[in-house]
2 protein chains.
Amino acid sequence: MNESGYNMGGGVKQSQAVTVADVSKRSGLSTATVSRVLNNSPLVREQTKAKVLEAMRELGYTANHSARALARKRTDTIGVIFPGIDAGFFSEVLIGVNQLASENDMHLAVAFARNKPEEAQMVSEYLYGGRVDALILMNLRIDDKFIREAAMAPTPMVLIDRPAKDARLVTVRMDNAAGAEEAMTHLLDLGHRRIAVIRGPQGTFDSDERWLGCLQAMKRSGVKPDPELIWEGTFHDHSGYEAMSSWLDAGKPLPEAIFALNDPMAIGVLEALTERGLRVPDDVALVGFDDIESARYLGLTTVSSPMRGLGRTACQAVVELLEGAPRRPKEHVLPTELIVRRSTMIAGSP
Amino acid sequence: MNESGYNMGGGVKQSQAVTVADVSKRSGLSTATVSRVLNNSPLVREQTKAKVLEAMRELGYTANHSARALARKRTDTIGVIFPGIDAGFFSEVLIGVNQLASENDMHLAVAFARNKPEEAQMVSEYLYGGRVDALILMNLRIDDKFIREAAMAPTPMVLIDRPAKDARLVTVRMDNAAGAEEAMTHLLDLGHRRIAVIRGPQGTFDSDERWLGCLQAMKRSGVKPDPELIWEGTFHDHSGYEAMSSWLDAGKPLPEAIFALNDPMAIGVLEALTERGLRVPDDVALVGFDDIESARYLGLTTVSSPMRGLGRTACQAVVELLEGAPRRPKEHVLPTELIVRRSTMIAGSP
DNA sequence: ATGAAAGCGCTAACAT
DNA sequence: ATGTTAGCGCTTTCAT
């Protein structure tokens, strides 16, 4: 020990410096009263409260989180679990979650699951481990069965970007289909007919819904989807690059427009085109989805995804549940917005 | 209660479903033994261990985090505090931190502080509240005095992108000066002499260091900095746009090159130039700093900041401290890397 | 190798 | 309005 009273060696922790007992002794009040002050109970006289606070200040008291959590059965913490950390927009969603969490004096425990088994295990641990008061799950790939069971746990749970099937859960998602339909309609209104679509990975919720939106728009305009113009991608930029490159290498004719179901793939397409001296929108119109930062800089027409809104809405729902709102299934669907930029502006038209 | 045994009403929480006591009863072993199994103690016979595990499985036991933390005085959690959430690269740093944390079976508590007082309060709460075993602080604006005091706390702390002055702390940062010097030298080697520099906000650690690197490079090449060509920015893209626009609006001649001390400002400059039909690098060379995603797509020459590395290194240091490494001051300086792209490629040169 | 029991620091009846 | 005390669920001596 040194003069400051703290052990400065390695990672060794000694017992907590100051406890309610210390404050109790110092102030001459009981631990119960100290606790009451800590919890802003109205049953303490201003004068005693002042005494306690003074003692706390003098001793440099900070309440022990684990002890409080154990006794109160609440942690004032919301858990947020994301799928593999490179899953794109986690940071935007997290910003949204945090905004509402901090407004409600809630802390955040953030975890990233790398694979399906880990996801399920993490969810279990958080649900039943008393580490958090509630859980927000982003786009996880867990079985419906597991989700249904988890929905019965005492810890409330909100799902982002993943349907809940028949589990009695609050879910938050964006209107992928409407967004895609709007973008596709935009291209059709521009007079384009031979429109290629680059989809995301098979079975991805977002990709599937966006594709449905495309079909819907084509149907309404009486345009039949051409199987040749349905390209498969992975949501990564290089898959857009690959798709475009191999199409051109095969000597096939440019479509009139290309709709990549997310921005990175659209940007990959753009690179492949640029490399060959082809120009957007002069030679081909291009649309993406999500409105990532780069889309703005590149002048890419795209559909804006309400990522922060998803986070905020999910967290809002969690807070309400924690405040006692009845647990009934509810699906929040946030709107997207078409952002028209250079990549679909017709050059010479009057 | 319903048949699942859980209360499905509002946010009400009842006592934890299954406890060590339950497992103890079910398995016929004492709670001590159950605890030993939970902690992988070697002092339990394989056979009894199996019995306990079986009971746990049957009952669906999950250990209570707060209770463990209270008893063991460890949380297996690392706290990460960021300044205001829009502070750019938090997500990349967080990815790095998480990589190492999960490799070491550590959880993450993430918090964002909006202002200085909140920062200090958060740090105190995390340092002394027993909520986390260690703390990683990113680029916070707290007083040196506070930091020095905090460094004495039992909870170890690592600072990212902020010097520790005389506090006995581990700090992690990137070599801003060397990065800027390399970029500037690149421009000078290209033959440019009239080089404008857009700085970041006054007093920012990153901005100041990068500027020093610029000066260093100029000095070595015998180029005197021209006050007219030192522009002030805010690190936001619009400030780059503004600086460039007002320069051109004033009818002043283009410099030969522009070095924006971060990418967003460089991109702002690019937009202002493009709007006026000026071209990069034909009319003016352009360099940024950080290598954000958009830089690649826009062909912007820039200096790559090792954001994930900062996170990883900081977390690594934390883990070592928790494992008992002596607490001595150490400054990790991670290298940057110059990424040359189109924006500084000389067009017609052989 | 296993058990009994005393805490960890705080909260929440219950009592006064 | 304040104090007493019994937990919260788990770990950890100390016995055996």
Side-chain angles (χ1 to χ4, degrees), chain A residues 13-53 55-56 59-76 125 128-131 133 154-155, chain B residues 12-53 55-56 59-76 125 128-133 154-155:
Chain A
K13 292 255 218 121
Q14 63 288 304
S15 54
Q16 169 133 347
V18 190
T19 71
V20 275
D22 298 325
V23 178
S24 163
K25 241 172 265 169
R26 176 88 173 208
S27 63
L29 283 313
S30 73
T31 61
T33 300
V34 173
S35 172
R36 287 191 189 100
V37 171
L38 218 51
N39 294 286
N40 266 311
S41 160
L43 318 137
V44 263
R45 265 198 314 181
E46 272 310 317
Q47 198 186 331
T48 37
K49 181 171 175 178
K51 264 194 222 164
V52 172
L53 288 174
M56 287 182 174
L59 298 171
Y61 172 79
T62 304
N64 180 288
H65 173 72
S66 302
R68 293 194 83 189
L70 182 57
R72 302 200 308 165
K73 297 186 175 317
R74 345 186 338 210
T75 59
D76 293 334
E125 196 184 321
Y128 303 106
R131 182 188 283 268
D133 295 341
T155 307
Chain B
V12 190
K13 290 257 216 118
Q14 64 287 304
S15 54
Q16 170 134 346
V18 189
T19 72
V20 276
D22 298 324
V23 177
S24 163
K25 243 171 263 169
R26 177 88 172 205
S27 63
L29 283 313
S30 74
T31 61
T33 300
V34 174
S35 171
R36 286 193 188 98
V37 171
L38 217 52
N39 294 286
N40 267 310
S41 162
L43 317 138
V44 263
R45 265 199 314 183
E46 272 311 317
Q47 198 186 330
T48 37
K49 180 170 175 178
K51 264 194 220 162
V52 172
L53 288 175
M56 285 181 174
L59 298 172
Y61 173 78
T62 304
N64 181 287
H65 173 72
S66 303
R68 293 195 85 188
L70 182 57
R72 301 200 306 165
K73 297 187 177 315
R74 343 185 339 208
T75 59
D76 292 333
E125 196 184 321
Y128 303 105
R131 182 189 283 267
V132 298
D133 295 342
T155 307

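Note that this is a predicted model, so its numbers are computed, not measured. Order of the sequence lines fixes the chain letters, A, B, ..., with proteins taken first and strands second; residue numbering starts at 1 for each chain.
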What is the distance from NE2 of B/His65 to P of D/dT11, rounded to the nearest Å?
-> 12 Å

Got a sec, which residues hit side-chain contact (heavy atoms from CB on, under 4.5 Å) with B/Ala32, two or more places apart in sequence or on another chain?
-> B/Ser30, B/Arg36

Interatomic distance, B/Leu29 CG vs C/dA4 C1' [rounded to whole Å] = 14 Å

Within the structure, does a side-chain N or O atom of A/Arg72 lie under 4.0 Å from either OP1 or OP2 of D/dC8?
-> no

Any A/Lys73 side-chain N or O less than 4.0 Å from OP1/OP2 of C/dT11 = no

side-chain contact (heavy atoms from CB on, under 4.5 Å) partners for A/Lys25, two or more places apart | none

Indicate whether OP1 or OP2 belonging to C/dC10 is found under 4.0 Å from a side-chain N or O atom of A/Tyr61.
-> yes

Through what angle, rounded to 10 degrees, does the axis of the helix from C/dA1-D/dT16 to C/dT16-D/dA1 turn between its ends, using five pairs per end?
-> 30°

Return the value, rounded to whole Å, for the distance between atom CG of B/Asn64 and atom P of C/dC8.
-> 18 Å

What's the CG-C1' distance between A/Leu70 and C/dA12, to the nearest Å?
-> 13 Å

Looking at residues at least two apart in the chain, or sitting in another chain, which of them share a side-chain contact (heavy atoms from CB on, under 4.5 Å) with A/Arg131?
-> A/Glu125, A/Tyr126, B/His65, B/Thr77, B/His107

Please identify each residue that fulfils side chain to side chain donor-acceptor pair (under 3.5 Å) with B/Arg26, with sequence neighbours left out.
-> B/Glu58

Which residues within residues 37-51 of chain A lie with some heavy atom under 4.0 Å of an atom in DNA chain C?
-> A/Leu38, A/Asn39

Got a sec, which residues hit side chain to side chain donor-acceptor pair (under 3.5 Å) with B/Thr75, two or more places apart in sequence or on another chain?
-> B/Asp133

Please determine if a side-chain N or O atom of B/Thr19 lies less than 4.0 Å away from the OP1 or OP2 oxygen of D/dG9.
-> no

Distances under 3.5 Å between protein N/O atoms and the N/O atoms of nucleotides 4-6 of chain D, please, pair by pair.
none

Rounded to whole Å, CG of B/Asp76 lies from P of D/dC10 at a distance of 15 Å

Under a 4.5 Å cut-off applied to non-hydrogen side-chain atoms, are A/Val34 and A/Met56 in contact?
-> yes

First locate atom CG of A/Leu59, then atom OG1 of A/Thr19, and finally report the distance between them rounded to the nearest 0.5 Å.
-> 9.0 Å

Report the residues that fulfil side chain to side chain donor-acceptor pair (under 3.5 Å) with B/Arg45, sequence neighbours left out, ordered by chain and then residue number.
-> none

Contacts of B/Ser35 meeting side-chain contact (heavy atoms from CB on, under 4.5 Å) (sequence neighbours excluded), chain-then-number -> B/Asn39

With B/Ser41, which residues qualify under side chain to side chain donor-acceptor pair (under 3.5 Å), at least two apart?
-> none

Student check: side-chain heavy atoms of A/Asn40 and A/Lys49 closer than 4.5 Å | yes

